[in-house]
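For clarity, every value in this text was computed on a predicted model and none was experimentally measured.
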Amino acid sequence: MPELPEVETVKEALKKDLLNKKIIDINIYYEKIIDYPSIDEFKKEIKNQTINNITRRGKWLMFELDNHYLLSHLRMEGKYFFRNVNDEVNKHEHISFILDNNQELRYHDTRKFGRMYLIKKEQIETYELLNELGLEPWDNNLTITYMKEKYKKKTLPIKTALLDQSIIVGIGNIYADEILFLSKINPLKKANKLTNKELQSIIDNTKKVLEKAIALGGTTIRSYTSREGVHGRFQNELKVHSKEKCPNCNNDIKKIKVNGRGTYYCPKCQKKR
DNA sequence: AGTGCGACCCGAACGC
DNA sequence: TGCGTTCGGGTCGCAC
């Protein structure tokens, strides 16, 4: 999916048009997007609720309704578009929220990986999907001590550990490469072998990379745009992901697979030890 | 308990 | 132009 900066960008864009709009009806064209509750309950419950606020937790979008939270995870390619009622439904538009202003909020997802949940407000505090999430990158509890504790039994590559949403939320495949490049850490180094200095560097660079990406509206690679017509500008800032030459030493960037994910790094600047 | 890998989907990019 | 293959900004479930 879009990573944290993209979700943040989408959230802010949606807030401009969606706050205080009421969902008067819903059309569901591909049912698997709705993971909980049943389709019938989802349809029945969401009707006539107003969108009071939109927030983000990790890569989750949270629409605060009257009685529920609508949780939406965009996974790889989920997007939201506004359309007029009666506009033709695109083949990749799977859910349509009909609003009280003659507009529809359409959920578009080419690969159909995204998921939605409608959770009662009184249950949101204990909802496991959210409770299993780790710290936001800017949480004051994100310290070397915290990282050491979480990584102490992890023998997997640091690149893989950075993608673990139960430790730090919001980092995806691209920003993980960028964070490791700035921290001068080899993506294959085992998470439990990192020094205090390296852990601090990861913490600092995580904030730095994500903050800058948010400021620039995220990254656009291939098909992803945060909203129709909104293209992130962070792709101009990428140092290593999808690059061929290292901006520090001009060495060739190496592309490998780590846990099945395309991973870019500079063998010279990011030595294993 | 921690790790590795296939599955879920589809279209774009690539190789021939 | 056409056809087959590979790949991907994410996460879950299963086997070991």
Peer 1: To the nearest 0.5 Å, how far apart are CG in A/N20 and CG in A/N52?
Peer 2: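 Taking CG in A/N20 and CG in A/N52, the distance rounds to 6.5 Å.
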
Peer 1: Which part of the nucleic acid, if any, lies within reach of A/T160 when heavy atoms closer than 4.0 Å are counted: base, sugar-phosphate only, or nothing?
Peer 2: nothing

Peer 1: Just to verify, what does A/D35 make a side-chain hydrogen bond (donor to acceptor under 3.5 Å, both in side chains) with, not counting sequence neighbours?
Peer 2: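 Here the qualifying residues are A/Y117.
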
Peer 1: Can you find a donor-acceptor pair, distance only, under 3.5 Å between A/R111 side chain and B/dG11 base?
Peer 2: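 No pair found.
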
Peer 1: Work out how far the P atom of B/dG11 is from that of C/dT11, and round it to whole angstrom.
Peer 2: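 Those two atoms are separated by 22 Å.
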
Peer 1: Closer than 4.0 angstrom, basic N to acidic O: yes or no for A/K44 and A/E41?
Peer 2: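 Salt bridge: no.
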
Peer 1: Compare the minimum distances between each of B/dG2, B/dC8, B/dC10 and the side chain of A/H92, then state the nucleotide with the smallest one.
Peer 2: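 Within the option list, the nearest is B/dC10.
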
Peer 1: How is A/K91 classified with respect to the nucleic acid when contacts are heavy atoms under 4.0 Å: base, sugar-phosphate, or nothing?
Peer 2: sugar-phosphate

Peer 1: Could you state the atom-to-atom distance from CD of A/E132 to P of C/dG13 in whole Å?
Peer 2: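 For the pair A/E132 CD and C/dG13 P, the rounded distance is 10 Å.
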
Peer 1: What's the gap between B/dC9 and C/dC3 when it is taken at their P atoms, as a whole Å value?
Peer 2: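 B/dC9 and C/dC3 have their P atoms separated by 26 Å.
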
Peer 1: Work out how far the P atom of B/dC5 is from that of C/dG8, and round it to whole angstrom.
Peer 2: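 Approximately 16 Å lies between the P atom of B/dC5 and that of C/dG8.
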
Peer 1: Mind calculating the distance between CD (A/E77) and P (C/dT11) to the nearest angstrom?
Peer 2: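 Distance check: A/E77 CD to C/dT11 P gives 14 Å.
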
Peer 1: Rounded off to whole Å, could you give me the CZ-to-P distance for the A/R115 and B/dC9 pair?
Peer 2: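 Going from A/R115 (CZ) to B/dC9 (P), I get 7 Å.
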
Peer 1: Can you tell which of A/K148, A/K189, A/K193 makes a salt bridge (charged side-chain N to carboxylate O under 4.0 Å, His left out) with A/E198?
Peer 2: A/K189

Peer 1: Do any side-chain nitrogens or oxygens of A/K257 fall under 4.0 Å of OP1 or OP2 in C/dG8?
Peer 2: yes

